[in-house]
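Just follow the structure's listing: the first ligand is 1, and inside any ligand the first atom is 1. Keep in mind that the numbers below use all heavy atoms, side chains included, and drop hydrogens, waters and symmetry copies.
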Amino acid sequence: MELSIDAKPVQSLYESEGLPAFALPDALSRQYGPLGFENRCIYANFVASLDGVTAIADELQSSHLLAGHSDGDRFVLGLLRACADAVLIGSNTLRDSPSTQWTASHAYPPFAAAYAELRRLRGSTPEPELAVLSGSGRIDTAHPGLREHAVVLTSDGGAARLEGSLPAAAEICTLGPGPQLDVVRAVAALRSRGHHLILCEGGPTLFGQLVAAGLVDELFLTVSPLLAGRGVHERLSLVEGRELLPGRGVRGRLLSLHTQGSHLFLRYALADEVGAR
Ligand SMILES: NC(=O)c1ccc[n+]([C@@H]2O[C@H](COP(=O)([O-])OP(=O)(O)OC[C@H]3O[C@@H](n4cnc5c(N)ncnc54)[C@H](OP(=O)(O)O)[C@@H]3O)[C@@H](O)[C@H]2O)c1
């Protein structure tokens, strides 16, 4: 199907050789170039300001503000969701985005048909499953993100709290006593649901734990050409709750670089840095 989409392509400036490449619909390859993943991959997507801010406390959906309402950022987010079997988020991210649905079509509606075509070609469900990690189980059970194909990964106590209150399309998956849960078990639970490609959309607390556990294979980072600053209000960086240096560094290897205007779209493979001091 030929799509007439009036969106400026993101320009590819660098692409590492030998990356996996899915058979993308023309509309997506024209807009981005090639993209694919190994059979099993956990990849994260974030947007950060030039000064490294990813979230502004008390500002709902601050990532939109930090992205400078960039079409390119929304397009890439939609493309990454379109490739995913599941989108994993922490409960604060659910709370801070009260009207969000973590679907490809919701990320960037002008490409909804192309994202859907990619999923059809890959034999995927129409949209990825949303997985919300919440040890406490204190989440808004009426959140629109939970209305379709969702799972809440929670503790025994959280499961008791949520019992009978989730929409029919959302399931509870219990991971033990909690409230702090093992992220390795959370990922194993998603694997046992048949999810090979897992997109982590944060926030930085969840991402920090996944990185510290060595679970994240790739990071897609949009660098937005804005300075956010710091003052009295809490602002988060990319990794919260875990110190990686000194001692245990994690190093990125650049896989690709795209631009649109003054926004940069970076793709890194992540691996432990041996002997980081
Ligand atoms: N810039 C971006 O691209 C981007 C992307 C995503 C999010 N964000 C922003 O980031 C902010 C939220 O990030 P955040 O770091 O505060 O929170 P978060 O990672 O979204 O969620 C943290 C919550 O997840 C649950 N959780 C995480 N790890 C757990 C574990 N091991 N066991 C049990 N529960 C666990 C806990 O929920 P319970 O307290 O319910 O137990 C915890 O309070 C929001 O402002 C959001 O908009 C920005």
(request) Kindly identify the option in Ala55, Ser91, Gly208, Cys200 whose heavy atom sits closest to atom 42 (C) of ligand 1. (result) Ser91
(message) Check for me whether the distance between the ring centres of His143 and Trp102 falls short of 6.0 Å.
(response) yes
(message) Check contact between Glu201 and ligand 1, using heavy atoms of the residue and a distance below 4.0 angstrom.
(response) yes
(message) Is any side-chain heavy atom of Phe220 closer than 4.5 Å to one of Phe46?
(response) no
(message) Ring of Phe37, cation from Arg267 - is the NZ or CZ under 6.0 Å from the centre and inside 45° of the axis?
(response) yes
(message) Give the atom numbers and elements of ligand 1 that come within less than 4.0 Å of a heavy atom of Asp96.
(response) 44 (C), 45 (O), 47 (O)
(request) Provide, to 0.1 Å, the distance between atom 32 (N) of ligand 1 and the closest protein heavy atom, together with that atom's residue and name. (result) Leu181 N, 2.8 Å
(request) For Thr54, counting its heavy atoms only, list the atoms of ligand 1 lying under 4.0 Å from any of them. (result) 1 (N), 2 (C), 4 (C), 48 (C)
(message) Quick test: of every protein heavy atom, which one is nearest to atom 18 (P) of ligand 1, and how far off is it to 0.1 Å?
(response) Gly203 N, 3.5 Å
(message) I need the atoms of ligand 1 closer than 4.0 Å to a non-hydrogen atom of Leu236, numbered in the order shown.
(response) 13 (O), 14 (P), 15 (O), 16 (O)
(message) Checking the N or O distance criterion of under 3.5 Å, is ligand 1 in contact with Gln61?
(response) no
(message) Please determine whether a side-chain nitrogen of the Lys or Arg among Arg81 and Glu127 lies less than 4.0 Å from a carboxylate oxygen of the Asp or Glu.
(response) no
(request) Do me a favour and list the nearest non-hydrogen protein atom to atom 14 (P) of ligand 1 with residue, atom name and distance? (result) Thr205 OG1, 3.5 Å
(request) List the atom of Ser224, the atom of Val47, and the distance in Å for their closest heavy-atom pair. (result) CB-CG2, 4.1 Å
(request) Give the residue, atom name and distance (to 0.1 Å) of the protein heavy atom nearest atom 31 (N) of ligand 1. (result) Gln209 OE1, 2.6 Å
(message) How long is the straight-line distance from OG1 of Thr54 back to CG of Leu238, given to the nearest 0.5 Å?
(response) 6.0 Å
(request) Name the closest protein heavy atom to atom 34 (N) of ligand 1, giving the residue it belongs to and the distance to 0.1 Å. (result) Gly135 N, 3.1 Å
(request) Considering heavy atoms of the protein only, find what lies nearest to atom 7 (C) of ligand 1 and give residue, atom and distance to 0.1 Å. (result) Thr93 OG1, 3.3 Å
(request) Compute the shortest N/O to N/O distance between Ser134 and ligand 1 and return yes if it is under 3.5 Å, no if not. (result) yes
(request) Might you point out which heavy atoms bring Ser134 and Thr154 nearest each other, and give the distance in Å? (result) O-OG1, 2.6 Å
(request) State whether the shortest distance between N or O atoms of Gly137 and N or O atoms of ligand 1 falls below 3.5 angstrom. (result) no
(message) With a sphere of 6.0 Å drawn around CZ of Arg230, does it hold more than 12 non-hydrogen atoms of other residues, nucleotides or ligands?
(response) yes
(message) I'd like the name of whichever of Gln180, Arg235, Arg138 reaches closest to atom 30 (C) of ligand 1 through any heavy atom.
(response) Gln180
(message) For the residue pair Thr100 / Gln61, report whether a side-chain donor-acceptor contact shorter than 3.5 Å exists.
(response) yes
(request) With atom 10 (O) of ligand 1 as the reference point, say which of Gly202, Ser49, Pro204 has the nearest heavy atom. (result) Pro204
(message) Can you confirm whether Glu38 is buried at CD, in the sense that more than 12 heavy atoms of other residues, nucleotides or ligands lie under 6.0 Å from that atom?
(response) no
(message) Tell me whether Leu66 reaches ligand 1 (any heavy atom closer than 4.0 angstrom to a ligand atom).
(response) no
(message) Would a single hydrophobic cluster contain both Val223 and Tyr268, if residues Ile, Leu, Val, Met, Phe, Trp and Tyr are joined by side-chain heavy-atom contacts under 4.5 Å?
(response) yes
(message) Counting only heavy atoms closer than 4.0 Å, does ligand 1 sit against the backbone of Thr222, its side chain, both, or neither?
(response) neither
(request) Give the atoms of ligand 1, by number and element, whose distance to some non-hydrogen atom of Gly90 is under 4.0 Å. (result) 18 (P), 20 (O), 21 (O), 24 (O)
(message) Within the 4.0 Å heavy-atom shell around Ser63, which atoms of ligand 1 are there?
(response) 1 (N), 2 (C)
(message) Given 3.5 Å as the limit, does a donor-acceptor pair link the side chain of Arg191 with the main chain of His195, or not?
(response) yes
(request) Identify, by atom number and element, the atoms of ligand 1 in contact range of Leu206, meaning under 4.0 Å from any of its heavy atoms. (result) 19 (O)
(request) Report the member of Ser62, Pro179, Gly157 with the shortest heavy-atom distance to atom 33 (C) of ligand 1. (result) Pro179
(message) For atom 35 (C) of ligand 1, tell me which residue out of Leu133, Ile56, Leu88 has the closest non-hydrogen atom.
(response) Leu133
(message) With rounding to the nearest 0.5 angstrom, report the CZ to CG distance, Phe111 to Asp71.
(response) 9.5 Å
(message) Starting from atom 3 (O) of ligand 1, what is the nearest protein heavy atom, named by residue and atom, and what distance separates them?
(response) Val47 N, 2.9 Å
(message) Quick test: of every protein heavy atom, which one is nearest to atom 43 (O) of ligand 1, and how far off is it to 0.1 Å?
(response) Asn92 OD1, 3.9 Å
(message) Nearest 0.5 Å, please: how far is OG in Ser97 from NE2 in His64?
(response) 6.5 Å
(message) Atom CZ of residue position Arg193 - does it have more than 12 heavy atoms of other residues, nucleotides or ligands inside 6.0 Å?
(response) yes
